[in-house]
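Right, one structure below, let's go through it.
All values reported here derive from a predicted model rather than from experimental measurement.
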Amino acid sequence: QVQLVESGGGAVQPGGSLRLSCTASGSIFNHYAMGWYRQAPGKEREFVAAVSWSGTSTNYADSVKGRFTISRDNGKNTVYLQMNSLKPEDTAVYYCAASRRYASTAIPGGMDYWGNGTLVTVSS
């Protein structure tokens, strides 16, 4: 079992930045690939970014490429999502998730564990 707790959400103006964190407990963190998903009101949950267990491979949704960066610190059991140049359409609840298979991280069904989410609101 893996427990995931997100933090760092909040309200920010367009063009601003936020850094989300997700801390894992309960199992061996570096056995899992990690991902971030988001869900806006009235929309389906969508993939944002993923990082392999070693941190050497990353993958991003086209909508966030060049603006968001995913990283991990296995010594701290934590994965991060640095979000820059935020837009109103980035407003959503952001979820951290863990998967035993990096190749499966771009689809919600490929994730094995989920956090409860943190709200990001981008508005002027």
Side-chain angles (χ1 to χ4, degrees):
Q1 284 280 3
V2 178
Q3 292 80 45
L4 302 171
V5 178
E6 302 96 337
S7 62
V12 63
Q13 292 187 340
S17 298
L18 281 176
R19 188 176 82 156
L20 305 183
S21 300
C22 171
T23 301
S25 62
S27 189
I28 302 175
F29 182 66
N30 63 9
H31 284 189
Y32 293 88
M34 300 298 297
W36 287 95
Y37 279 73
R38 66 186 182 186
Q39 188 166 17
K43 294 188 177 181
E44 294 186 352
R45 193 169 297 190
E46 65 174 1
F47 169 75
V48 175
V51 59
S52 62
W53 67 269
S54 64
T56 55
S57 296
T58 57
N59 186 29
Y60 296 91
D62 287 344
S63 59
V64 307
K65 278 182 183 176
R67 300 188 298 122
F68 291 12
T69 302
I70 189 171
S71 61
R72 66 189 295 162
D73 184 337
N74 288 342
K76 295 182 178 179
N77 285 7
T78 301
V79 61
Y80 304 98
L81 185 68
Q82 178 66 44
M83 306 186 294
N84 299 328
S85 302
L86 283 160
K87 304 175 181 180
E89 51 264 43
D90 295 317
T91 294
V93 176
Y94 283 72
Y95 297 89
C96 172
S99 175
R100 295 180 182 90
R101 300 161 299 279
Y102 176 67
S104 301
T105 52
I107 53 175
M111 309 307 288
D112 298 301
Y113 302 100
W114 293 87
N116 290 326
T118 185
L119 177 63
V120 172
T121 303
V122 184
S123 173
S124 55

For this session: Would you confirm whether Tyr95, through its side chain, and Gly35, through its main-chain N or O, come within 3.5 Å as a donor-acceptor pair?
Result: no

For this session: Could you tell me which non-hydrogen atom of Thr105 sits nearest to which non-hydrogen atom of Ala33, and how far apart they are?
Result: CG2-CB, 3.8 Å

Problem set entry | Trp114 versus Ala97, closest heavy-atom pair with distance | CE3-CB, 3.7 Å

Problem set entry | Verdict with supporting geometry, Asp112 and Arg101, side chain to side chain contact (heavy atoms under 4.5 Å, CB included) | CA-CA 9 Å; Asp112 298 301; Arg101 300 161 299 279; 3.5 Å; yes

Seminar exercise, completed: residues 9-24 vs side chain to side chain donor-acceptor pair (under 3.5 Å), sequence neighbours excluded, gives Ser17-Asn84, Thr23-Thr78

Problem set entry | Exercise: identify the closest heavy-atom pair between Ser85 and Arg67 | O-NH1, 2.9 Å

Problem set entry | Where Gln1 and Gln3 come nearest, the two heavy atoms and their spacing | CB-NE2, 3.6 Å

Seminar exercise, completed: When rounded to the nearest 0.5 Å, the distance separating CD1 of Ile28 from CG of Asn77 is 10.0 Å

Problem set entry | Other ILVMFWY residues reachable from Ile70 by side-chain steps of under 4.5 Å | Val2, Leu4, Val12, Leu18, Leu20, Phe29, Tyr32, Met34, Trp36, Val48, Val51, Tyr60, Val64, Phe68, Val79, Leu81, Met83, Leu86, Tyr94, Tyr113, Val120, Val122

Exercise. Hey, is the main chain of Gly110 close enough, under 3.5 Å, to the side chain of Ser104 for a donor-acceptor pair?
Worked result: no

Problem set entry | Neighbour count above 12 (heavy atom, 6.0 Å) for Glu44 CD | no

Problem set entry | Whether Glu6 side chain and Cys22 backbone form a donor-acceptor pair below 3.5 Å | no

Problem set entry | Partners meeting salt bridge (charged side-chain N to carboxylate O under 4.0 Å, His left out) with Arg38 (sequence neighbours left out) | Glu46, Asp90

Problem set entry | Nearest-0.5 Å distance, CH2 of residue Trp53 to CG of residue Asn74 | 8.0 Å

Problem set entry | Gap separating the NZ atom of Lys65 from the OG1 atom of Thr58, nearest 0.5 angstrom | 9.5 Å

Seminar exercise, completed: Smallest heavy-atom separation, Tyr80 atom then Asp73 atom, equals CE1-CB, 4.1 Å

Problem set entry | Minimum heavy-atom distance between Ala40 and Ala92, given as atom pair plus value | N-CB, 3.8 Å

